Protein chains: 2
Amino acid sequence: MTGPQRTLVDTVFDGIFQLLVSGEIPLGGVVNEVALAERFKVSRGPVREAVKALQGRGLIVKEPYFKARVVDLDVEDMIEIFQLRESVEGMSVKLATKVMSDEAMDALLQDFEMARGNGRVLDLHVRIAEESGNRRIQSLLCDELYYLLRLYRARSGSTPGRHDNASAEHWQILRAMRLRDADLAESLMRTHISRATEALQRLLVTDPSPVPPSRRDGRRRKEEES
Amino acid sequence: MTGPQRTLVDTVFDGIFQLLVSGEIPLGGVVNEVALAERFKVSRGPVREAVKALQGRGLIVKEPYFKARVVDLDVEDMIEIFQLRESVEGMSVKLATKVMSDEAMDALLQDFEMARGNGRVLDLHVRIAEESGNRRIQSLLCDELYYLLRLYRARSGSTPGRHDNASAEHWQILRAMRLRDADLAESLMRTHISRATEALQRLLVTDPSPVPPSRRDGRRRKEEES
DNA sequence: TCCCTCCATTCTGTCAACACTTTTGGGGAA
DNA sequence: TTCCCCAAAAGTGTTGACAGAATGGAGGGA
């Protein structure tokens with residue numbers, strides 16, 4: 001009842017995740033259990049379970065008796081994720097528009113006004129998911145998809161030249177929410193994300209490999225941390 | 001190349017899952033590591049990892065140093081899942097309608113004709129997800145949500161009196177797909193699932209606890225219950 | 001020179017034992 | 001009787017060691 005009673009598995013889980021987003025273990029890189037165990041000063045058991053958990057979240061892929069590897073996200077993966085986001089976030093904002101109280105709505109608008117200065121864009125999506133009242137949708141968006149987004153953006157810079165448009169589109173969504181027009185809000189959100197998807201698809205036809213793969217080059221020794 | 005090279009964790013994973021769907025471990029029941037280890041004739045290590053994997057899929061919930069428990073799905077959980085399904089399966093059928101080849105479309109219609117005899121309803125949803133071309137949507141639907149559906153239906157019988165309607169709605173969806181009307185197919189699918197959601201909501205206001213805690217326990221071991 | 005085979009190395013899978021935490025149940029005091 | 005405290009029991013967290021599989025390279029033969 002005092003502390004959150006964190007277990008080693010949780011600590012290692014967060015630690016490995018930090019290694020991923022920081023790029024210390026690159027996308028597609030090998031995840032070595034013993035190296036991680038040494039690094040975090042624990043045995044291999046907690047590391048194995050943490051890797052298993054990350055595998056469950058799709059951040060690490062593994063086959064029996066093969067090395068575990070960080071998921072290798074390319075543009076096509078991102079397109080798939082954005083297609084999924086388009087549908088789910090549409091439902092998310094639709095539900096939020098219906099169930100949010102007037103007070104929560106005002107608070108949301110105020111928060112968004114305040115956070116306008118810094119460049120945080122994803123926060124609105126997170127807030128809407130939290131207000132949707134659907135824990136499963138919230139978990140899917142916040143605990144799974146946004147992790148992958150952060151992972152991808154950590155490698156290849158965020159989609160360029162869209163922040164200005166995105167901000168305007170965010171305002172439109174908020175207006176529809178305040179007017180309690182759930183269907184309009186859903187439609188706007190879907191269009192909003194669909195635009196990002198199209199940007200990715202343009203990226204796909206323009207340059208099939210936006211990040212030159214330094215990873216496919218087979219087995220180099222010790223391509224991870226020391 | 002020859003054998004699938006299954007590991008003990010996979011075996012135990014499937015074994016525990018069978019215990020869940022068979023109801024031998026009831027929803028909300030405790031999951032004892034040592035008892036499972038004895039039952040499957042393995043050590044606690046593989047059991048722990050399998051439980052961790054099931055936890056990652058949302059079938060088992062656990063807090064540090066507390067007993068692990070099977071997720072206790074109630075009607076509200078199902079409503080949340082169906083809201084998520086409505087959005088995702090709408091996108092799923094929309095994508096499938098766009099990307100499926102004519103041959104695949106014909107095969108789908110034929111398969112559906114053939115499977116018309118037996119009462120399998122979910123198969124169409126699975127097939128559509130497989131044909132969507134979006135692996136992440138397919139994984140979400142087939143590997144996560146449908147597991148939970150099966151778990152819920154194993155306890156409380158499938159939503160009654162809807163199979164006849166469902167079949168007609170399935171045919172409408174298939175017709176829209178064959179006409180390559182992606183938006184219509186999406187709309188029909190969303191309405192289709194929305195109807196099931198409304199049935200659940202009626203269940204909620206009619207009888208808040210559709211399954212009284214008469215938890216049929218097919219257990220003969222010392223597994224306790226509070 | 002190329003390729004096949006075999007072996008050493010490395011890493012993952014599994015196990016039994018130990019340490020820590022929670023729960024349980026009994027005994028004593030108000 | 002009721003409540004609180006404490007010790008035993010049960011269960012989870014963690015560890016180190018051992019076994020099996022896959023990778024990488026050396027050596028021999030065509």
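This one's a predicted model, so the numbers in the text were calculated from it and none came from an experiment. Below, each value reflects all heavy atoms present in this structure, side chains not excepted, and no hydrogens, waters or symmetry copies. Every chain is numbered from 1 and lettered A, B, ... according to where its sequence line falls, protein lines coming before strand lines.
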Checklist entry - Pairs in or reaching into residues 55-64 of chain B: which pass salt bridge (charged side-chain N to carboxylate O under 4.0 Å, His left out), with residues at least two apart or in two chains? => result B:E33-B:K62
Next on the checklist: Under 4.0 Å, heavy atoms only, any strand: does A:V47 hit a base, just the sugar-phosphate, or nothing?
Outcome noted: nothing
Checklist outcome for this item: A:R48 CZ to D:dG16 P, in whole Å, measures 16 Å
Next on the checklist: Based on the rotation axes of five pairs at each end, what angle does the helix from C:dT1-D:dA30 to C:dA30-D:dT1 bend through, to 10°?
Outcome noted: 10°
Checklist entry - Taking atom P of C:dT12 as reference, at what distance in whole Å does atom CG of A:L36 sit? => result 9 Å
Checklist outcome for this item: Rounded to the nearest 0.5 angstrom, the CD-CG distance for B:E130 and B:D123 is 9.0 Å
Checklist entry - If you check every side-chain atom of A:T7, which of D:dG11, D:dA22, D:dT14 has the closest atom? => result D:dT14
Checklist entry - How close or far is atom P of C:dT21 from atom OH of B:Y65, stated in whole angstroms? => result 6 Å
Checklist entry - Taking only side-chain nitrogens and oxygens of A:N32, does any of them come within less than 4.0 Å of OP1 or OP2 of C:dT12? => result yes
Checklist entry - Rounded to the nearest Å, what distance is computed from the CG atom of residue B:D10 to the C1' atom of nucleotide C:dT14? => result 14 Å
Checklist outcome for this item: Sorted by chain and number, sequence neighbours left out, salt bridge (charged side-chain N to carboxylate O under 4.0 Å, His left out) with B:E49 holds for A:R48
Checklist entry - Can you say whether the rings of A:H125 and A:H192 are parallel (under 30°), tilted (30 to 60°) or perpendicular (over 60°)? => result parallel
Next on the checklist: Could you tell me how far apart A:E49 (CD) and C:dG13 (P) are, to the nearest whole angstrom?
Outcome noted: 13 Å
Item to check | salt bridge (charged side-chain N to carboxylate O under 4.0 Å, His left out) involving A:R136 - partner list, sequence neighbours excluded | outcome: none
Next on the checklist: How long is the straight-line distance from OG1 of A:T197 back to CG of A:L203, given to the nearest 0.5 Å?
Outcome noted: 12.5 Å
Item to check | Rounded distance (nearest 0.5 Å) linking atom NZ of B:K94 with atom CG of B:N134 | outcome: 12.5 Å
Atom pairs, protein N/O to nucleotides 15-19 of chain C N/O, distance under 3.5 Å:
from, atom 1, to, atom 2, distance (Å)
C:dC15, OP2, B:S43, N, 2.9

Checklist entry - Atom CD of B:E63 to atom P of C:dC20: distance rounded to whole Å? => result 22 Å
Next on the checklist: For C:dC11 and A:K62 - does any side-chain N or O of the residue sit under 4.0 Å from the phosphate oxygens OP1/OP2?
Outcome noted: no
Item to check | Test salt bridge (charged side-chain N to carboxylate O under 4.0 Å, His left out) applied to A:D143 - qualifying residues, sequence neighbours left out | outcome: none
Item to check | Separation of atom CD in A:Q55 from atom C1' in C:dG13, rounded to whole Å | outcome: 13 Å
Item to check | Closest nucleotide among D:dT14, C:dT23, C:dT12 to the B:F66 side chain | outcome: C:dT23
Checklist entry - Of B:V61, B:L20, B:L59, which meets side-chain contact (heavy atoms from CB on, under 4.5 Å) against B:V70? => result B:L20
Checklist outcome for this item: Rounded to whole Å, the NZ-P distance (B:K52 to D:dT12) equals 13 Å
